[in-house]
Undergrad: 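Can you keep this structure in mind? I'll have questions shortly.
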Amino acid sequence: MADHPITPRATDYAQWYQDVIAQAELAEAAEVVKGCMVVRPHGWAIWEKMQADLDRRFKETGHQNAAFPLLIPQSFISKEAQHVEGFSPELAVVTHAGGKELEEPYVIRPTSETIIGHFFAKWIQSHRDLPLLINQWANVMRWELRTRMFLRTGEFWWQEGHTAHATHGECQEEVVRMLDVYRDFCREVMAMPVIRGIKTANERFAGALETRTIEGLMQDGKALQCGTSHDLGQNFGKAFDVMFQNTAGEREYVWQTSWGVSTRLIGALIMTHSDDEGLVCPPRLAPIHVAIVPIYKTDEERASVIECARRVATELRADGLTVKVDEREGMKPGAKYYEWERKGVPLRLEIGPRDVAANTCMAKRRIAGVDEKGKPMKETLGLDDIGVGVGRILDEFQALLLQRAKERQAKSIISVDNWGDFEVAFAGNDSRFVLAHWDGTTATELAIKEATKATIRCLPYDGDVPGFPNLVEPGRCVKTGAPSTQRVLFAKNY
RNA sequence: CGGGGUGUGGCUCAGCUUGGUAGAGCGCUGCGUUCGGGACGCAGAGGUCGUAGGUUCAAAUCCUAUCACCCCGACCA
């Protein structure tokens, strides 16, 4: 075994995360732009796959895409009291343009509730204009003191849904619906189980009545907020005068929502599935599904093997798969194997002279056991119906990843009833999903964070936590002993 | 903004204490031999030593200033 370019997870999880990103060529630090990142082609390809699937789901639920300005008049941010308080510290502001100082500075959008509120006010007159269901794919900027690739950077890419409704009831339905879209996407496409829940007042979006979240469990036991959905009530409607005339002829403020997921999901993908060999990518998000490595010694062998590999690639592409035939010379097959494994290609096919003669190939899954000699398990596939064999393997691989993630999640969730056990669960650098009673006060929430670094990730939907079907039950706060009505989810988080 | 650290070929770093005019490994280019789990040989290309001053016959090395980045803390809809 040659040098291992990736730090093992057990040695240093944070370094492992950075190494996977570098070795899989997903992204790198922008270096000349503080706190920002360059998303490299292989990383962006994963985001494009995420976008394509999410966009289809948004359209299916009746939403339309639009685009709003990157720059927002500074005064807009100030119009909603909580919004300005939440975002002011992390705004980047444009004060000059065209060689002159601007009369009013612009902020680079940290999120678009305000500018969209302004235009919604123009677009909405009547109850017949509602609901208005808009989505925007965009980049946003939040000046962060401490950044982590994909998880928290100055600039990031996301989608933000913005909707306006005639009643609070419709607005609440939308918030629930879109959180479920995210949950389904995470499970079906990312092979990642998440827990739906409601944020505490302390963790709520600045300007929202209620924030819902999906929380993912990373391999090191920490939680990652993977998506959010906000009931904005009439807060932005009032701030931007977004009104409609109802059927009785009265003017009312609209009820609004916003919801988003971002390139942070790529971080979630890495920390959910990947291993010490590099990126592991579920087939439904893999930029390359199959890498074919030709094996040969002589020129004649090379010609026949490559001809065969290209033929297989063409056949698989007809099934809608992305296939790479690695024809690079001067590189031994083993080196190619490691490279494609680092990059998270789910399946590799090896085709050599013996395979050409037998009309077969060797298939190696990205996650495979080892045989009695310690060599990776491979299987032989016939070339006559290669599409069938490859399709089956990719389906099995997608299912395997979800199953593994679910098992890991199940093992990491515990229920705790006393402070001693709670502290043990978060001792040192440890984290997990801990279900415990909480007295409902922000003071206690902050005291627990101060003592253990663990925060309340959400008040989970009852029944959404595997193995713990009844979270709504009377109990005593794990910290203060005060009465509590339900268990909440604690974890350290990214 | 506190505390600590680092800036030297594309990357990782040595050299600095004790000044003498820049090195290694990897990567890259070319040729040849290799090729079923990370190849090897030979020949090459590539560096204003973060920046600006200062000391000196002479500075990557000593002094001053400054900038950038990293780690820990504070902060993080």
Side-chain angles (χ1 to χ4, degrees), chain A residues 1-6 12 14-15 18-19 22-23 28-36 77 80 82-91 109-114 140 142-148 151-154 156 158 160 199-208 210-213 225 227-230 232 258-260 262 264 277-278 293-299 301-302 305 326-342 348-356 358 360-364 368 370-371 373-378 380 449-450 453 455 493-494:
Chain A
M1 189 63 82
D3 291 347
H4 214 289
I6 297 173
D12 184 341
Q15 188 60 48
Q18 302 281 2
D19 289 348
Q23 291 295 322
E28 60 190 53
E31 106 196 326
V32 288
V33 186
K34 189 175 172 62
C36 291
I77 302 292
E80 211 287 328
Q82 290 169 23
H83 197 65
V84 64
E85 190 186 330
F87 281 104
S88 288
E90 42 188 329
L91 295 177
R109 63 182 165 214
T111 179
S112 302
E113 275 75 8
T114 59
V140 289
R142 299 176 187 182
W143 211 253
E144 302 286 355
L145 298 176
R146 181 104 165 263
T147 59
R148 283 190 148 107
L151 302 178
R152 176 169 287 110
T153 49
F156 58 94
W158 75 347
E160 43 181 329
K199 285 291 190 186
T200 61
N202 182 51
E203 298 268 343
R204 193 180 288 155
F205 176 74
E210 180 187 84
T211 290
R212 286 169 193 257
T213 178
Q225 178 178 300
T228 51
S229 174
H230 314 292
L232 303 176
S258 67
W259 29 274
S262 71
R264 172 182 267 194
E277 310 306 316
V293 177
I295 292 154
Y296 50 82
K297 287 187 173 68
T298 65
D299 284 350
E301 283 176 354
R302 179 174 194 279
V305 160
D326 192 342
E327 301 186 17
R328 287 175 294 179
E329 295 198 62
M331 211 174 160
K332 296 189 76 165
K336 295 180 179 178
Y337 299 168
Y338 283 107
E339 178 172 327
W340 296 117
E341 286 178 6
R342 280 200 296 275
R348 178 180 75 240
L349 300 181
E350 303 163 14
I351 299 178
R354 297 203 294 269
D355 295 303
V356 173
T360 59
C361 67
M362 293 300 292
K364 160 68 172 56
V370 293
D371 63 20
K373 291 182 211 155
K375 299 220 168 179
M377 302 276 277
K378 299 180 185 178
T380 304
K449 180 179 181 182
E450 174 72 22
K453 296 242 164 64
T455 55
N493 72 302
Y494 279 100

Undergrad: Would you indicate what A:K336 reaches in the nucleic acid, counting non-hydrogen atoms under 4.0 angstrom: base, sugar-phosphate, or nothing?
TA: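 Contact class for A:K336: none.
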Undergrad: Does A:R264 reach the side chain of A:R152, with side-chain heavy atoms less than 4.5 Å apart?
TA: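 Yes, side chains in contact.
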Undergrad: Using a 4.0 Å heavy-atom cut-off across all strands, classify A:Q225 as base, sugar-phosphate, or nothing.
TA: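 Base contact.
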Undergrad: For A:D355 and B:C35, what is the distance between atoms CG and P respectively, to the nearest whole Å?
TA: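 Value for this atom pair: 17 Å.
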Undergrad: Rounded to whole angstroms, how far apart are CD on A:E85 and C1' on B:C75?
TA: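 For the pair A:E85 CD and B:C75 C1', the rounded distance is 14 Å.
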Undergrad: Indicate yes or no: does A:E160 engage A:R109 in a salt bridge with an N to O separation below 4.0 Å.
TA: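 Judged by the 4.0 Å cut-off on N to carboxylate O distance, A:E160 and A:R109 do not form a salt bridge.
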Undergrad: From the set B:C35, B:C76, B:A39, return the single nucleotide nearest to any side-chain atom of A:E144.
TA: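 Among the listed nucleotides, the one closest to the side chain of A:E144 is B:C76.
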Undergrad: Identify which one of A:H230, A:E203, A:Q225 satisfies the side chain to side chain donor-acceptor pair (under 3.5 Å) criterion when paired with A:T211.
TA: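 With A:T211 as partner, A:H230, A:E203, A:Q225 yield a single side chain to side chain donor-acceptor pair (under 3.5 Å), made by A:H230.
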Undergrad: Sticking with atom P, work out how far B:U48 lies from B:G9, rounded to a whole angstrom.
TA: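 Each nucleotide's P atom is 9 Å from the other's.
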Undergrad: A:I295 has a side chain; which of B:G37, B:C75, B:G36 sits nearest to it?
TA: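 For A:I295, the side-chain atoms sit closest to B:G36.
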Undergrad: Between A:M331 (CE) and B:U33 (P), how many Å, whole number?
TA: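 Atom CE in A:M331 sits about 20 Å away from atom P in B:U33.
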Undergrad: Determine the interatomic distance between P on B:U51 and the same-named atom on B:C67; round to the nearest Å.
TA: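 Pairwise P distance, B:U51 against B:C67, rounds to 15 Å.
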Undergrad: Do A:K364 and A:Y337 touch side chain to side chain, with heavy atoms closer than 4.5 Å?
TA: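 A side-chain contact is absent here, since even the closest heavy-atom pair is not under 4.5 Å.
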Undergrad: Can you tell if the side chain of A:T380 reaches within under 4.5 Å of the side chain of A:M362, non-hydrogen atoms only?
TA: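 Heavy-atom side-chain distance check passes, below 4.5 Å.
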Undergrad: Under 4.0 Å: is that the gap between some side-chain N or O of A:K332 and OP1 or OP2 of B:C40?
TA: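 Checking A:K332 against B:C40: no side-chain N or O falls below 4.0 Å of OP1 or OP2.
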Undergrad: Would A:Y337 pass as stacked on B:G37, i.e. its ring centre under 5.5 Å from the base's six-membered ring centre and planes under 30° apart?
TA: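 A:Y337 vs B:G37: stacking no.
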Undergrad: Please report the C-alpha distance between A:R348 and A:K336 in whole Å, then the side-chain angles of each, then the deciding distance to 0.1 Å, and finally whether the side chain to side chain contact (heavy atoms under 4.5 Å, CB included) criterion is met.
TA: CA-CA 10 Å; A:R348 178 180 75 240; A:K336 295 180 179 178; over 6 Å; no
Undergrad: Could you tell me whether the side chain of A:K378 has a donor or acceptor atom within less than 3.5 Å of a complementary atom in the base of B:G37?
TA: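 Check passes, donor-acceptor contact within cut-off.
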Undergrad: Within this structure, what is the CD-to-P distance between A:E28 and B:G10, rounded to whole angstrom?
TA: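 Rounded to the whole Å, the gap is 14 Å.
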Undergrad: Are any of A:R148's side-chain N or O atoms less than 4.0 Å away from OP1 or OP2 of B:C76?
TA: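 No, no such contact exists.
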Undergrad: So for A:E350 and B:G37, does any side-chain atom that can act as donor or acceptor lie under 3.5 Å from a complementary atom in the base?
TA: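 Answer is no: no donor-acceptor pair is held.
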Undergrad: Quick one: pull up CD in A:E301 and OH in A:Y296 and give me the separation to the nearest 0.5 Å.
TA: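 Separation between the atoms: 10.5 Å.
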Undergrad: With heavy atoms under 4.0 Å as the rule, sort A:G352 into base, sugar-phosphate or nothing.
TA: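 Result for A:G352 = base.
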Undergrad: In dot-bracket, 5' to 3', how would RNA chain B read with Watson-Crick or G-U wobble pairs under 3.5 Å, [ ] for crossing ones and | for pairs to another strand?
TA: ((((((((.[[[[.)....(..]]]].((((((.....)))))).....[[[[[..)....]]]]])))))))....
Undergrad: So do A:L91 and A:W143 actually touch side chain to side chain, heavy atoms under 4.5 Å?
TA: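 No, every pair of side-chain atoms sits at 4.5 Å or beyond.
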Undergrad: Determine the interatomic distance between C1' on B:C49 and the same-named atom on B:C62; round to the nearest Å.
TA: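 So the two C1' atoms sit 16 Å from each other.
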Undergrad: Below 4.5 Å, heavy atoms only, C-beta onward: do A:T228 and A:F205 meet side chain to side chain?
TA: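 No, every pair of side-chain atoms sits at 4.5 Å or beyond.
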Undergrad: What's the closest nucleotide to the A:M362 side chain, out of B:G36, B:G37, B:C35?
TA: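 Between B:G36, B:G37, B:C35, the one nearest the side chain of A:M362 would be B:G36.
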Undergrad: With a 4.0 Å cut-off on heavy atoms, is A:K199 in touch with a base, just the backbone sugar-phosphate, or nothing at all?
TA: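 Contact class for A:K199: none.
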Undergrad: Are A:R354 and A:I295 packed together at the side-chain level, in the sense that at least one heavy-atom pair is separated by less than 4.5 angstrom?
TA: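 Counting from C-beta outward, A:R354 and A:I295 never come under 4.5 Å.
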Undergrad: Looking only at atom P, what distance separates B:A59 and B:G20, rounded to whole Å?
TA: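 Taking atom P in both B:A59 and B:G20, they lie 11 Å apart.
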Undergrad: Roughly how many Å is it from OH in A:Y338 to P in B:G38, rounded to a whole number?
TA: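 Rounded to the whole Å, the gap is 6 Å.
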Undergrad: Could you state the atom-to-atom distance from CH2 of A:W143 to P of B:A74 in whole Å?
TA: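 So the two atoms are 22 Å apart, to the nearest Å.
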Undergrad: Would you kindly compare A:T111 and A:K34 by the position of their nearest RNA chain B nucleotide and give the one closer to the 5′ end?
TA: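 Counting from the 5' end, the first nearest nucleotide belongs to A:K34.
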Undergrad: Provide, to the nearest angstrom, the distance between the NZ atom belonging to A:K449 and the C1' atom belonging to B:C75.
TA: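 Rounded to the whole Å, the gap is 9 Å.
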Undergrad: Of the nucleotides B:A74, B:G36, B:G37, which has the atom closest to the A:L145 side chain?
TA: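 Minimum distance to the A:L145 side chain belongs to B:A74.
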Undergrad: Please measure how far the C1' atom in B:A74 lies from the corresponding atom in B:C63, and state the result in whole Å.
TA: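 Comparing C1' positions in B:A74 and B:C63 gives a spacing of 34 Å.
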Undergrad: Tell me what A:R342 touches on the nucleic acid: a base, only sugar-phosphate, or nothing, going by heavy atoms under 4.0 Å.
TA: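 Here A:R342 touches the bases of the nucleic acid.
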Undergrad: Would you mind reading off the distance between A:L349 atom CG and B:G36 atom P, rounded to a whole angstrom?
TA: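 Spelled out: CG on A:L349 to P on B:G36 is 17 Å.
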Undergrad: Heavy atoms under 4.0 Å, any strand shown: does A:P353 hit a base, just sugar-phosphate, or nothing?
TA: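 Contact class for A:P353: base.
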Undergrad: Which part of the nucleic acid, if any, lies within contact of A:Q18, taking any heavy atom under 4.0 Å across all strands shown: a base, the sugar-phosphate backbone alone, or nothing?
TA: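 No contact.
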Undergrad: Would you classify A:R348 as touching base, sugar-phosphate or nothing, given that sugar-phosphate means primed atoms plus P, OP1 and OP2, and contacts are heavy atoms under 4.0 Å?
TA: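 Since a base atom lies under 4.0 Å of A:R348, the category is base.
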Undergrad: Using the C1' atoms only, state how far B:U21 lies from B:U56, rounded to an integer number of Å.
TA: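 Rounded to whole Å, the distance is 14 Å.
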Undergrad: Distance check, P atoms only: B:A65 and B:C70, in whole angstrom units.
TA: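 After rounding to an integer number of Å, I get 24 Å for this pair.
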Undergrad: Distance between the C1' atoms of B:G15 and B:U61, in whole angstroms?
TA: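 Roughly 9 Å separates the two C1' atoms.
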Undergrad: Classify the nucleic acid contact of A:P376 as base, sugar-phosphate or nothing, counting any heavy atom under 4.0 Å across all strands shown.
TA: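 Here A:P376 touches the bases of the nucleic acid.
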Undergrad: Does A:R354 reach a base, just sugar-phosphate, or nothing at all? Heavy atoms under 4.0 Å.
TA: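 Base, at least one base atom sits under 4.0 Å.
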Undergrad: Classify the side chain of A:R146 and the base of B:C76 as holding, or not holding, a donor-acceptor pair under 3.5 Å.
TA: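 In this structure, the two groups form no donor-acceptor pair.
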Undergrad: Name the residue closer to the 5' end of RNA chain B, choosing between A:T147 and A:R264 according to the nucleotide with the nearest heavy atom.
TA: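 That would be A:T147.
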Undergrad: Do other residues, nucleotides or ligands put more than 12 heavy atoms under 6.0 Å from A:K378 NZ?
TA: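 Correct, the count exceeds 12.
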